[in-house]
Structure formats: C-alpha cells, structure tokens
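See structure below.
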Amino acid sequence: MEYNFRDIEKKWRQRWVTQQTYKVTEDPNRQKFYVLNMFPYPSGAGLHVGHPLGYIASDIYARYKRLQGFNVLNPMGYDAYGLPAEQYAIQTGQHPAITTEANIKRYREQLDKIGFCFDWSREVRTCEPGYYHWTQWAFQKMFGSFYSLTPLTPSPKGEGETSGKARPIEELISFFEQNGTRGLEEYGVAQSEELSFTAEEWNAKSEVEKQQVLMNYRIAYLGETMVNWCPELGTVLANDEVIDGVSARGGFPVVQKRMKQWCLRVSAYAQRLLDGLETIDWTESLKETQRNWIGRSEGAEVEFKVKDSDKSFTIFTTRADTMFGVTFMVLAPESDLVQELTTPEQKAAVDEYLTYVKKRTERDRISDRKVTGVFSGSYAINPFTGDANPIWISEYVLAGYGTGAIMAVPAHDSRDYAFAKHFNLPIIPLIEGCDVSEESFDAKEGIVCNSQGKDFSLNGLTVKEAIAATKKYVKEKGLGRVKVNYRLRDAIFSRQRYWGEPFPVYYKEGMPQMIPEECLPLELPEVDKFLPTETGEPPLGNAKKWAWDTKSNSVVDCSAIDNVTVFPLELNTMPGFAGSSAYYLRYMDPHNDQALVSPEADEYWQAVDLYVGGSEHATGHLIYSRFWNKFLFDLGVSCREEPFQKLVNQGMIQGRSNFVYRIKDTNTFVSLGLKDQYDVTPLHVDVNIVSADVLDIEAFKAWRPEYATAEFILEDGKYICGWAVEKMSKSMFNVVNPDMIVEKFGADTLRLYEMFLGPVEQAKPWDTNGIDGSHRFLKKFWNLAQTILAQSNEDAPTAAELKSLHKLIKKVTEDIENFSYNTAIPAFMIATNELSQLNCTNRAILEPMVILIAPFAPHFAEELWEQLGHTTSVCDAQWPEFEEKYLVEDTVKMMVAFNGKTRFGIDFPADADNATIEAAARGHELTPKYLEGKQIMKVIIVPKRMINIVCK
RNA sequence: GCUCGAAUGGUGGAAUUGGUAGACACGAGGGACUUAAAAUCCCUUGACCAGUGAUGGUCGUACGGGUUCGAUUCCCGUUUCGAGCACCA
C-alpha cells in the first residue's frame, strides 16, 4: 500500500474533530502540563512557513507530554486588536472587526492543515467583549491600588512584609486622613513625585483635589508626562515600540511631547521583575535583555545647596567616590530647576538654548551627538569641599532619569569630559597615575588621590572602598541618601486609536471615574470614521453613542451629556500589550463570566510550564505580562508570581531569495554560471517557480507578461538561479506558504522538515531544497511498516532489532526533552534503515516506533496505529521506555597514545573488567603493533571504558 | 562604548560536555532498473600526498598561544559576525 498522505491527513483531521481528541478538562487525578505559544496577530498576509515553527516545536512537546501521561493544556487564540486592521479600515472604510474576522478564519484554516493538538474550545480573542471584560477589570483594579514595600498599618507583631505589594488605595486614603504624608517615606510607597501635606490639609481638600493627589500613587494613573508622539500614526507609543527614534511599526519619526495619558506604574515592580528572573528557566541572553531594560543602578542622591540662595537640589550618582572631582553641575533642559536657577543675566541665553533643544527630535539627538549647553548663571556648593561649581544646562542630561540633575566629574566620565573640554572647564584627576590629558578615566579601578576634605578623606582607598565610604559619610552627615535607580519607566497605556480595548472610564469635573464593575465589559462603540476628529481627538470622538449615564448605568448618546448624571466617556483605547498580558490565565477558564479565572482552574494549571515565542517580545510583552501577572498575584487572582516557567525562543525563518540575471537592455536571461561573461542585472524571481535553484522556464514566462517572450542562455540544458538569504517578504518574492508545502508533501513532511532544518532557537533560512529528504524518510518508514504488517510476525524480536529500537527510544526521549528535534529525526532515519536491513518483520518493534513518531508526524502515526489494530487514538498510547540492557556495547576499544599521538587498538569483550584490560595492555597482548618495544608509562581508564595507555 | 552569544565541508547542521570530527539530510558525481521520463535503489563525496589496488600518510573545527596522553569542547589573547542596551551620570 502506498503512503497516500492526502487521504490519511484528511481522514485524521476530520476524526480528531468528531472525536474531540484534543479537548482538555481539569483532572485532579492527573498531573498537568501547560504548553503555550505566543498567540498570533492575524494579519492579512496569512501564515508563512516561519510562523508554524514555534507551534510545531511546542506541539511536539505537548504530544510527547501527553503520551507520558500528563494532562496537557495546549491552547491557541488571537491577539486580535492591532494597527494593520485599523489602517486598512482607514483606507477602505471596512470595519476592523470584519477584516479581523476574515483573517482569523484564514489563519484557522491554515493552522488546521498542519495537525496541531490545540484545544480550540478554549480559543480566546482579545477583541471580544467576553475577553476584554477582564482586561478592563484588571485596569480598574490597578486604578484602585497603590504599591508599597510594607503595609501602611504595621501588623501587631511588627512582622511587616518587605517584598512590596499592590494594596487597596483605601489604605492610603485612611493613612492620609490620619497622618497626611508624614512618615510615608518609611513604607516605600511608589509615587510619581514626592508630595508633602498634613492630615488637616488632606481632610480640607475637595474631592477633586483628593483625586488629583491619589493619581500620584495609583498603579494605573493619569499622568502628564513626556511621551513618544508619532505624528504620522497620530498616537503615542511605549518605549519598546520606538526603535532608534522611529516607530517600530511603519518606521515613522517620533517626537517628545508632553501629554496627559494613562500610565501603568510598572516601575514600582522593577525590583520584583529583576528578582523574578532568578527563579525562571529562560535563556541567559533573554534575561540579560530584561536586566538591561530594567537597568538597576545603585548609587547615592546627594543634595547641593545653591550659592547665595536658600535653594538646593538633589543629584543622583553611582560614583559618590568622585565627589572631590566635581567641577560643574548639569541640569536637564526639561528640568523644573532650569527656570528656578537661571539668573536674569543668563535668561536670554538659556531661553535661546531651550528653544534649540525643543526643536530637536529623539532621532536628532541620537544621530548627532554634538556637545551643546548653556550656563545658568548660578553656582552650587559641593558639600564635601565647600567649592562653588557653575551650574550648566545641557541636553546630554535626561530629565526622566534620576533627578534630572548631575554632578559632573570630567576626569572620570567621558560625557562630562567632552563637555568640559568643549567649554573649557577644569578637570581634576582623582586616581593615582591616571592620564586625563586625552580622555577620561572611566574604569572603576585604581587608588584614589586628591580627595582630602575637612573631616573626611578617601586618599589611598580603592575605588570600591571609596564608593562605600562615601555612601556611609553621606548618610551619616545627612547630605543625601543611598538610592537605587531603575531605567524602567512606567508604561504609557493610552493610544489614540479606534481598534483597541475601550477604557471603562468616564470623566466628571475633569477627573476620571470608573464605571461600576458589574457594568463591565464596556463595549467598543461604532464610529463612522476611524480617523481622529477634526478637533484632533482620538477616533472614539467620532462615536455618537459614547457617554455614560450614572442613573441607568448604561452607555447613552453623546447629546445627552449634561455633566450632572450623564458624562463623557474616555476617548483613548488601550495599547496592544493590554490584551496579551493575561491571556494565559484566561485559557485556563475561558468561558467564565464571573471571574478572569476561577481559583480552582488557576490552582490546577498554575503557570505556563513551557512558553514558546519570538525573542522580539523580550522588552515588550514579556515584561508587561510579568508585571500584570505580579499585580494579579498580589490580588490573589493568580497563584504564581511568575507566569512563564520555561521559555524557548524560536529563531526566525528567513527567506531564501532566488535571482535571474538579465543581460542589460535585452529580454535574455543568462544562467548563474555564465553570468560573468555578460553585463547583467540580477532580478528577484518568485521562489515558487524555482526548484533546487533550477528555474521552471515555462512558469517564468507565464509569471509576468513582459517575460512571455524571454530568451535564455542555459547551462547543461538548465537555467540555474542565484540565491541570497533575506528577510521573508512579499517584495522579494521569497515568501513560502505552508499550504503549498502541505499540498505537495503533506503536513507531516512539513512538520518533520521544519524541525529538521536546525535548532529551534536558531534563525535559519527557509530552503525548500531539502524537503524531499524528509518526505522520503516518511515513505521509507511507511514501507517498513507495511512489510511488518504484511508478515505479522509475533515472534520475540531479535537482539539486533531490540538494540536498534531502544537506541531510538533513548535518543528521541532525550532529544525531545532538550528541544533538540533536529537530531531526533536522524535517529528515526537510522533506525528505519537498520531495521530494513535486518529484514525486521516484528510488530513488537513497529508498535513503539509508531508511538515515538506520533509527536512529529501525528496523522501518519494515527494511520499506522489503526493498521496495527488499535481502536483508540495513538495520543492515548503510553510513551515507551528504553531498557539499558539492550544498549550495552558488545565490545570496548582500547586506545593507545605515544609520542603525543593517539591510535586505536583492538576491540575486546565488553564484559572484561578494567583490571583484565590493563593487564592485557601491559602484557602487549592486544596491540602488539603499537606497543612493541614501547615502555608503558601509565594506563588511564576513561569514560565509556576506553583504555588509554601512555607509552614511551 | 557596555553586556551577552556565535564561528565546524559546496549547503543546513551532528559530536554522549575532554575520547575515532564531519552523524543525518541537501547538493554534486558515478552506477542499476526503464524505450524514455518520473519514482526507487546502490556507490563516492573535507583538503592534500603516495600507491594499479585493498590501503597508508599529512593537514584540518575563524586566528595565535597554553593546559592535557588526548582539545571543536577548558584557559589567555586576537579577528569577524549576530543580538540587546546606550549621552542612564
């Protein structure tokens, strides 16, 4: 019987659906395993061969775990909100929901053809009200929470928590009622800026004023901040959505703009996000990326008094040891201190400089790092030396980091050095023997000198000792405090877009109010236009019915707004990462309309055991969802602090483009090997009409009208194309669609081939050339199986057959555990060849082999499983275990080394013990050829019982 | 600039973590079957040298050193490529 993959795959695709083979339910009697893929954004282009790579890898693991007896959750869904659908809507007027729906349908068709074991009954879509209900709910909870290191009311026994936690905002309110802000700093409350008021002042505040103050502490808060504004897209972007000063999507310029936006206080969780990395099994490089992004730095905040004034300001430094080398101070141009400290004489110069800075975009700053700045006119007193240092203003100091002000130590900081050289400011070296005539000495090493103060000296200490000593001194003298800073900023959570989750928020007296929890979800309204309004409001400004009636608790027409009972609703929507931040929890209990996830389901599934996705989400989704989950953990909704225990990054599949070479000014194309003899232009050619770099000439003529009359100069009767590895994209005609591969070779071949291509984690070019090999293997396996089935030998298998089988079981089991699928597949090829050569006809060998191949080629395995007489799915079989006794080598080898060279001796029986072998070696019995006339120096018995004899 | 990671035939990639480098596959070459093609099967395939031949020898894992009986693997230095962060004080 021929291997007819088309019929087989069709048959099992249908049967899996009718028999609900992949439906999972919580089963306390079985151990769970949660496998998850990053859910896709359903783009209009459909899947290309790069997309399924991660899905196949995790599918194999999921199937393997199931065969091992685990209750495996392997769900799939869609990150359905997104920019492309909206931009398409702007261009065509087509509602994004319609395009999204169509794209999802197409994705699903493509996914279904590849044979994944997804439990589609648990599918989620971020754009459905039943789903974004819980996105909105989490946002409301964040609004109603603040973050502090310890509880504001210390527990009676004084055992305060120290790790930090989100807590109900009511705790903070009652603290203010009793204490104002007095003593608040001791609790480590996360805040936008430090406020100061008494209990009386608090209690005297109006409701609106109180709400304004609370914004300073809420985890979801409305904040006026500098944002990345992208004029082209008409929206703000988060830091991870901006790359090199342009938008990650579209590559449009981004400028800094001050705007009132919803923000999430991710920074409050910086330390926990950092600490959590130690507990999870991710690649070192990905953890490192997150550590960089969080950017923890330990240092000190030191207060500087302004000369001839009662003003003072604080700077942040990690090099407190260099206090004696400060020769000037620098403020960020955006800092509030600039106005305060500019003297009247300098005002004109400062204003001119500020105007210049304002004109420069993020991009300009990156591309030309000119040294620019202006003197403010004021001086600051160095608390260590009493010296007065000029205060400058320069764009090289950032407002958003530290305090927006620095002390400049030109001898030991390259940026300060460049500034000092440019403006001719003094440079004081502080390390013995360092040369600062050409460049600064930035390294944190050496012995400190020139650092003698009134009552304090650092001279003679190493830099490390000096940093510690200075911090201690600063603390004791009350000159400042030890401080940890993070680069991680709060996430900007508003987008001026239509196709996103609406905020469950309305505005009363300019202050945001949450709509009642029981009224969620607040559904996205219909609009006529998806563009911003004429008045520059976000697209939701076009909605007619977009006001909140507090009497009926319902959405009503905007014309009803009276600011008494009917109020305007929020016009912004949430960003892309909102919906993807807790979807893994929703899969556990996707149809629950009472909670995001029930405690029972959460308790059972815990966290994702294996998460597979691209590393491009390292500083976006993977930070936000860790933050989001930690918040839900604090609330007691999620029982695990880290959502993704093990993470595997699948490498990108690049395109392999093909070229034809046209002789200039002709319609004649010359084959690769002969192109150097002509003046040619290389042109991309559709890879789908090229096979093994040989052009299908007829297909090429039909491809484009202008090529219909093309002529060719061939090599050996063939036209050979050139090739290059490039990004997979339509414009390079190198997009390979999985449907075509499935059509031609079958899903099982595709699965096998994608895994065989190379390590899952590694980026690699898609090369259709090798796919025959995988297909050929399946046919060989099939033929072997048919031979065995035809003979139906029930005898005991031979030793050689068992050895072959158990070698395979061992290798495949180990390789799947290590995601080393590309080496597991050759093991199948070898075993198939070995068993064919042994003329194996034994069903007892075939049966475990079918189970082993099942994760890789599920349709194929199901069919053979049925032919073996089973009536249940191969998915419910038991993964075979290997037995060491079949694997023992019958001989061991002796290795002999002399004159610095290694040679190999003769095989001898495996059951010989080490002493016998050594004695034999010393007696020259086994390798007379090499040992004759040599003196044995030593005998080393090395792993795997190879014997190494050192001779002279 | 800082921090990670990588480098092996014509190609994708193996090598049990210090033990026969190049598994397996692709490509290439040769052969069998066939009127022919497709399909299938078999052999050769890192480089160089010697030999009619079986075979033997030398060099080979980016480069230069080191440790070791033995290094793709460990250590030091160099080069190249990739990734992340980046006026972050």
Side-chain angles (χ1 to χ4, degrees), chain A residues 2 244 283-297 299-300 315-320 322 329-330 332 365-366 369-372 394-398 400-409 412-416 418-419 442 485-489 615-616 618-619 649 656 692-693 723 725 752-753 756-759 761-774 776-777 779-780 783 810-811 814 820 822-830 833 836 893 895-905 937-940 942-952:
Chain A
E2 281 277 296
D244 292 336
T283 60
E284 205 40 52
S285 75
L286 195 77
K287 288 188 188 182
E288 196 59 32
T289 303
Q290 291 214 340
R291 285 191 200 107
N292 277 337
W293 189 258
I294 295 167
R296 181 192 155 101
S297 64
I315 58 95
F316 174 75
T317 180
T318 53
R319 293 294 303 273
T322 59
M329 313 295 290
V330 189
R365 278 201 183 189
I366 291 163
R369 290 190 181 170
K370 284 190 286 192
V371 178
T372 66
S394 174
E395 59 178 333
Y396 86 86
V397 174
L398 305 176
Y401 184 75
T403 61
I406 63 156
M407 61 179 211
V409 185
H412 301 291
D413 183 288
S414 51
R415 297 153 301 175
D416 297 346
F419 195 83
D442 291 11
N485 257 327
Y486 300 92
R487 184 163 53 227
L488 184 71
R489 308 291 166 77
S615 57
E616 66 273 19
T619 54
N649 284 127
R656 188 179 187 278
D693 290 339
W723 61 274
V725 172
L752 228 39
Y753 182 60
F756 183 61
L757 216 49
E761 297 91 338
Q762 199 173 299
K764 49 204 165 283
W766 176 262
D767 181 354
T768 317
N769 289 348
I771 200 158
D772 288 342
S774 300
R776 218 168 281 157
F777 155 67
K779 279 200 253 183
K780 281 187 195 170
N783 291 339
K810 183 166 194 267
K811 179 81 176 143
E814 285 171 357
S820 192
N822 60 321
T823 57
I825 293 162
F828 281 111
M829 297 176 175
I830 294 165
N833 277 340
S836 298
K893 275 182 179 166
M895 211 165 44
V896 183
F898 66 97
N899 293 345
K901 288 171 188 178
T902 305
R903 296 168 190 256
F904 290 84
M937 302 300 289
K938 54 180 169 179
V939 175
I940 306 162
V942 296
K944 287 202 80 179
R945 304 190 68 215
M946 295 177 109
I947 310 305
N948 188 355
I949 299 166
V950 185
C951 304
K952 207 174 172 183

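A, B, ... follow the sequence lines: proteins, then strands. Residue 1 opens every chain.
In this structure, A:E814 reaches neither bases nor backbone, as no heavy-atom distance under 4.0 Å exists between it and the strands shown. Heavy atoms of A:R489 sit under 4.0 angstrom from at least one base atom. In this structure, A:K780 reaches the sugar-phosphate backbone alone: every heavy-atom distance under 4.0 Å involves primed, P, OP1 or OP2 atoms, never a base.
Distances from the side chain of A:T317 to the nucleotides B:G27, B:G13, B:A89 place B:A89 closest. Closest to the side chain of A:P759, out of B:A14, B:C87, B:C41, is B:A14. Distance from the side chain of A:K779 is smallest to B:A39 among B:C85, B:A39, B:C41. Distance from the side chain of A:S285 is smallest to B:C4 among B:C4, B:G13, B:C41. Side-chain atoms of A:S297 lie closest to B:A89 of the nucleotides B:A15, B:A25, B:A89.
Taking only side-chain nitrogens and oxygens, A:Y401 comes nearer than 4.0 Å to OP1 or OP2 of B:A89. In this model, the phosphate group of B:A14 is approached by a side-chain N or O of A:N822 to a distance below 4.0 Å at OP1 or OP2.
Side-chain N or O atoms of A:D442 include one that pairs as donor or acceptor with a backbone N or O of A:S414 at under 3.5 Å.
The ring pair (Phe, Tyr, Trp, His ring centres under 6.0 Å) search around A:F419 returns A:F328, A:W392, A:Y396, A:F423, not counting sequence neighbours.
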